[in-house]
A.B. asks: 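To start, I am sharing the structure in question, which I have written as structure tokens.
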Amino acid sequence: MFGLFEQPAASRQDHSACSGCSLCVLVCPMWRARRDPRFSPEGLAKALQCGATVAELAAPLDACSLCGACDPVCPERIDLSGMVMALRGALPRAAELDSQLTNLARQAASAAAPVAGALLLPGADLRANPALLARTQMLLGYGLAQDDGADIALALETGAQVSPTRRRRFLDRVEGRTLIVGDGLLLAALRRWLHGVRLQSLGEALSSQVAIRRRLTSADFYVIETRAYHAEFERLVTYYDRLRLETGCALNLDLQRIAIPAMTQAMSRRREMLADEDLREARWMLKGRQPRRIVVESLADRAVFEKSCDVPVLHLAELAED
Amino acid sequence: MHFGACVVGSEGFDASPGYDSLHSFHRMVLLKISLVEPGTVGPCPVAPDALQGIKRQQTNPARWKGAGWQAFVSALDAAGMELVEGAAACGVYATDAGGTAYGLPHGVVVARSAGQIASLLKAAQTHRVPVTVRGGGLTTEGESVAFGGVLLDMSGMSRVLHIDAKALTVRVEGGIFWHSLAEELRREDLDYLSAPLNLTSSVGGTLGVGGIDVNSARLGCSADQAIALQVVTPTGEIVECSDSQNQELFQRVILGYGQFGVITEATLRVRPYTPLSMHYFYYSSLATAIEDLQMLDRNDASDYSGILTIMDCAVNLLVAFDSDEREAAFKANWESRLRGYGEFGFALCMLGHYALRPWKLTEALYLLQRKREVFPEFRRAEYMRQGKMHDRTVVFSRAVWKHWGSRQMVIPDLATSADKFVAAVERGNAVCRKYFPRYTLYCVGIKLRPEHQAHYEMSCVPPDATGWAYGCEFEPIIDGEVYSRDHFQAFKNAIYDIGVDMGASYYRFGGMMKGYIRRVFGDALVDKHLALKRKADPAMILNRDVIF
């Protein structure tokens, strides 16, 4: 387990290396909701080893939220999230999704070149909330990228192809800068694509701010955004452990220090109503805990907690004094 | 000859009759084929005499042919039960943690309720369809692999039903992983008593075989923690049982290797959660380390104790405590009696040892590398608070999978009474040395409960043990090497032969090792249990070929 600790990302393996230890099952929200091994990374890998077709795996592939919890616990260092993303590419895509990708790509093409210096790439959820975006930008003091790679993030999630030209154009605009990235999947991809660039998740960047950190207390339940956390687990497990020690806040970590996701649906289905499994997951996180406030890094998680408990739910950026 | 395809004992070795032995020896050296003891697989595994001397006690059972399968499927369908077939559903169960037994079921049922399992078993009896029950799939001898028939996946029943924090008990579904139980208990500041150091062992599976922890010398095996069970019998009755209710069934299901029923619910003892204070002592003698381990156990001097070897000359005795008081008492009364060294003292010892033996440089480097890789795992900052280790099972399990885990795991074991243990372990260690360049031994004591004597019949607990039984697992470090099944089987047989010779028992005597059952337990006891099995399971469908 945790073979990722000392291994560079390049050494990660494919599904054929799965030995069936089930460690990924323990942390998989998709499995927790269904208790059916087909709905787990191990189920997918083993089915592929035994000759299952991608079409036969459509249901679990669609259900996976790509929270990335499985990646750091795999002792064989299989790129399980990458496996899901690649397999999704072989599934037929809804026309609605294609048109969404086209719209995002069009917006990116017409975006102005970013200002010089460090950049904030807010991601779709934060961009949809202009007031919070402005507050976040003010707190961080970074320039805002009009082209934040939202089309690339969605393509990664859905397994769609990104044209090399589009990718190159995007990378040219951000290369060599310090970047704060709101989308966890895009952040992980940028780590693979860019070298020598300082990259941080939005959660880490905001929680590092003194104005925010000093407002966290032992009465808070702090919800880490899972994708960014698991993509750089080895470093961030130490970072958040320190945050917990310094502030006394409780974290959405299980005993393996894996982050439990609140939002368990794939992004393509998030526009739909919250599912029972999301609410169950949030209630599981809060079981045995009585926080007076919930602080989330991701706006997607805020909706789940607002519906499943009656304590105030704040985004991290809302924590700093005005 | 295809050099790339040649492995130890591989069927791919292209030998011609009459090859000369010197040439063969040179080829073995070139190919890094290890020499094995006479009577096991020779240099050419397809030579006419290749199988001579291999006491292959058991191989994979033949696949069930499927007679009556369609009628069985129709019966389940009529009962509204979901049974899934095909690669996407069955592939996940192709092997177990051992990775040497391979088989596929005809179909899979994910457990949802005792009632559903009762219907399944009734239909299976009627249509004579084998049912293989799987929890975490952490068997090593193919016990949880289905060679045809239906596989019942218990992970579908994996919830905590009720925690009684006052009475310190918990009621769980049988398929729950111990780790999932720990997650729930921690929210109430509780912990289970003892469980295997593996996150994905299931409660039901463990109660059926034993379950050894590093606190078993004090608290007994996991199966001893069960107060009551809900069991679905092989003929489909749902029965609550305990030491006071349906006692005979309880005695047979606990440590019964899944032969007498499916555990659908269990009530277990639990305890307040505590972090651990860990101490490590290092020995260059296995026998001395075992003697010290047994001295600690006899005197109730520690809360946790166990031995893990790195090499024959580097043996680690782990001692840990739940409370400062117990730790202080150990330091005052027992620590000075241990003959092991601290880390620094042992490093100096090893330095001296290898300075006088420069030709053993490779061995010294391996020891150093193992220390550098493994030790930090037990001291990760996020699991340590004020010098105490939190969530020990996560820490241990992570280390086990990372440093001992492999796509194939072969872990023969010996369980003996206290007085036979040193000799058994030393003999087993000598077998390891013959078969593998690197291996690890894990030794631990198991406190026996006199009132549970009936549970222990025909189990891993040796019949002559009183007070404590001791278990040792012999695990080769495979580490990317490829060995044939014959090599593994010969190794396991050589270990198990020691058990027969010494009147010991085994933890893993089912599946591929079941050929040892009569030899070690004797005909009278085995026939008694076989008669009970035939009565309880007329069509012999439940976990066929695991024991009977």
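Residue numbering restarts at 1 for every chain, and letters A, B, ... go by the order of the sequence lines.
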A.B. asks: Using a strict threshold of under 4.0 Å (side-chain N to carboxylate O), is an ion pair present between B/Arg134 and B/Asp96?
C.D. replies: no

A.B. asks: Between B/Ala111, B/Ser158, B/Ala381, B/Gly136, which has the largest tally of heavy atom pairs under 4.5 Å with chain A?
C.D. replies: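 The option with the most such pairs is B/Ser158.
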
A.B. asks: With a cut-off of under 6.0 Å to the ring centre and 45° to the axis, is A/Arg35 in cation-pi contact with A/Trp31?
C.D. replies: yes

A.B. asks: Given that the side chain runs from C-beta out, which part of A/Ala45 has a heavy atom under 4.5 Å from chain B: side chain, backbone, both or neither?
C.D. replies: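 For A/Ala45, no heavy atom lies under 4.5 Å from chain B.
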
A.B. asks: Is chain A contacted by the side chain of B/Val84, its backbone, both, or neither, given a heavy-atom distance below 4.5 Å?
C.D. replies: side chain

A.B. asks: Non-hydrogen atoms of chain A under 4.5 Å away: do they reach the side chain of B/Glu82, the backbone, both or neither?
C.D. replies: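 The side chain, not the backbone.
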
A.B. asks: Please rank B/Met157, B/His390, B/Glu184 by heavy-atom pairs under 4.5 Å with chain A and give me the top one.
C.D. replies: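 That would be B/Glu184.
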
A.B. asks: Kindly give the heavy-atom pair with the smallest separation between A/Ser208 and A/Gln200, and that separation in Å.
C.D. replies: OG-NE2, 4.2 Å

A.B. asks: By a 4.5 Å heavy-atom criterion (distance strictly below it), what part of B/Glu188 contacts chain A: side chain, backbone, both, or neither?
C.D. replies: neither

A.B. asks: Ion pair present between B/Asp153 and A/Arg38, side-chain N to carboxylate O less than 4.0 angstrom?
C.D. replies: no

A.B. asks: Does a side-chain heavy-atom distance below 4.5 Å link A/Glu297 with A/Ile224?
C.D. replies: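 Contact flag for A/Glu297/A/Ile224 side chains = yes.
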
A.B. asks: Let me know if A/Leu253 has heavy atoms under 4.5 Å from chain B in its side chain, its backbone, both or neither.
C.D. replies: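 When you check distances to chain B, no heavy atom of A/Leu253 falls under 4.5 Å.
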
A.B. asks: Using a strict cut-off of less than 4.0 Å between a Lys/Arg side-chain nitrogen and an Asp/Glu carboxylate oxygen, indicate whether B/Arg508 and B/Glu473 qualify as a salt bridge.
C.D. replies: yes

A.B. asks: Using a 4.5 angstrom heavy-atom cutoff, name the option from A/Ala17, A/Ser40, A/Gly43 with the most pairs to chain B.
C.D. replies: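 Of the options given, most contacts go to A/Ala17.
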
A.B. asks: Does A/Tyr222 have A/Arg244 sitting over its ring (NZ/CZ under 6.0 Å from centre, angle to axis within 45°)?
C.D. replies: no

A.B. asks: Contact part of B/Gln408 toward chain A, heavy-atom cut-off under 4.5 Å: side chain, backbone, both or neither?
C.D. replies: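 The answer is neither part of B/Gln408.
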
A.B. asks: One thing to verify: whether B/Asp322 and B/Arg271 come together as a salt bridge, which I'm taking to mean a side-chain N less than 4.0 angstrom from a carboxylate O.
C.D. replies: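 Answer for the salt bridge query: yes.
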
A.B. asks: Pick one of side chain, backbone, both or neither for B/Ala97, based on which atoms fall under 4.5 Å of a heavy atom in chain A.
C.D. replies: neither

A.B. asks: Side chain, backbone, both or neither: which part of A/Arg289 has a non-hydrogen atom closer than 4.5 Å to chain B?
C.D. replies: side chain

A.B. asks: Can you tell me which of A/Asp36, A/Leu48, A/Leu57, A/Val25 forms the most heavy-atom pairs within a distance under 4.5 Å of chain B?
C.D. replies: A/Asp36

A.B. asks: Return the option, out of A/Thr53, A/Leu255, A/Thr238, with the maximum number of heavy-atom pairs under 4.5 Å with chain B.
C.D. replies: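 Result: the option with the highest number of such pairs is A/Leu255.
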
A.B. asks: Side chain from CB out, backbone as N, CA, C, O: work out which of these in A/Glu42 comes under 4.5 Å of a heavy atom of chain B, or both, or neither.
C.D. replies: both

A.B. asks: Of all of B/Glu183, B/His179, B/Met409, which one pairs up most often with chain A through heavy atoms under 4.5 Å apart?
C.D. replies: B/Glu183

A.B. asks: Relative to chain A, which segment of B/Arg186 carries a heavy atom at a distance below 4.5 Å: side chain, backbone, both, or neither?
C.D. replies: side chain

A.B. asks: Students often mix this up, so state it plainly: with edges at 30° and 60°, are the rings of B/Phe488 and B/Tyr483 parallel, tilted or perpendicular?
C.D. replies: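 Tilted: the ring planes of B/Phe488 and B/Tyr483 meet at 30° to 60°.
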
A.B. asks: Do B/Trp178 and B/Thr206 have a side chain donor and acceptor closer than 3.5 Å?
C.D. replies: yes

A.B. asks: Counting only non-hydrogen atoms closer than 4.5 Å, does B/Ala182 touch chain A with its backbone (N, CA, C, O), its side chain (CB onward), both, or neither?
C.D. replies: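 Both backbone and side chain.
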
A.B. asks: Do B/Thr132 and B/Tyr93 have side-chain atoms, one donor and one acceptor, less than 3.5 Å apart?
C.D. replies: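 Side chains of B/Thr132 and B/Tyr93: no pair found under 3.5 Å.
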
A.B. asks: Looking at A/Cys18, A/Pro60, A/Pro37, which has the largest count of heavy-atom pairs under 4.5 Å with chain B?
C.D. replies: A/Pro37

A.B. asks: Given the side-chain rings of B/Tyr383 and B/Phe378, with only the six-membered ring counted for Trp, is the space between their centroids under 6.0 Å?
C.D. replies: no

A.B. asks: Relative to chain A, which of B/Ala94, B/Gly175, B/Gly91 shows the most heavy atom pairs under 4.5 Å?
C.D. replies: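 Maximum pair count with chain A is reached by B/Gly91.
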
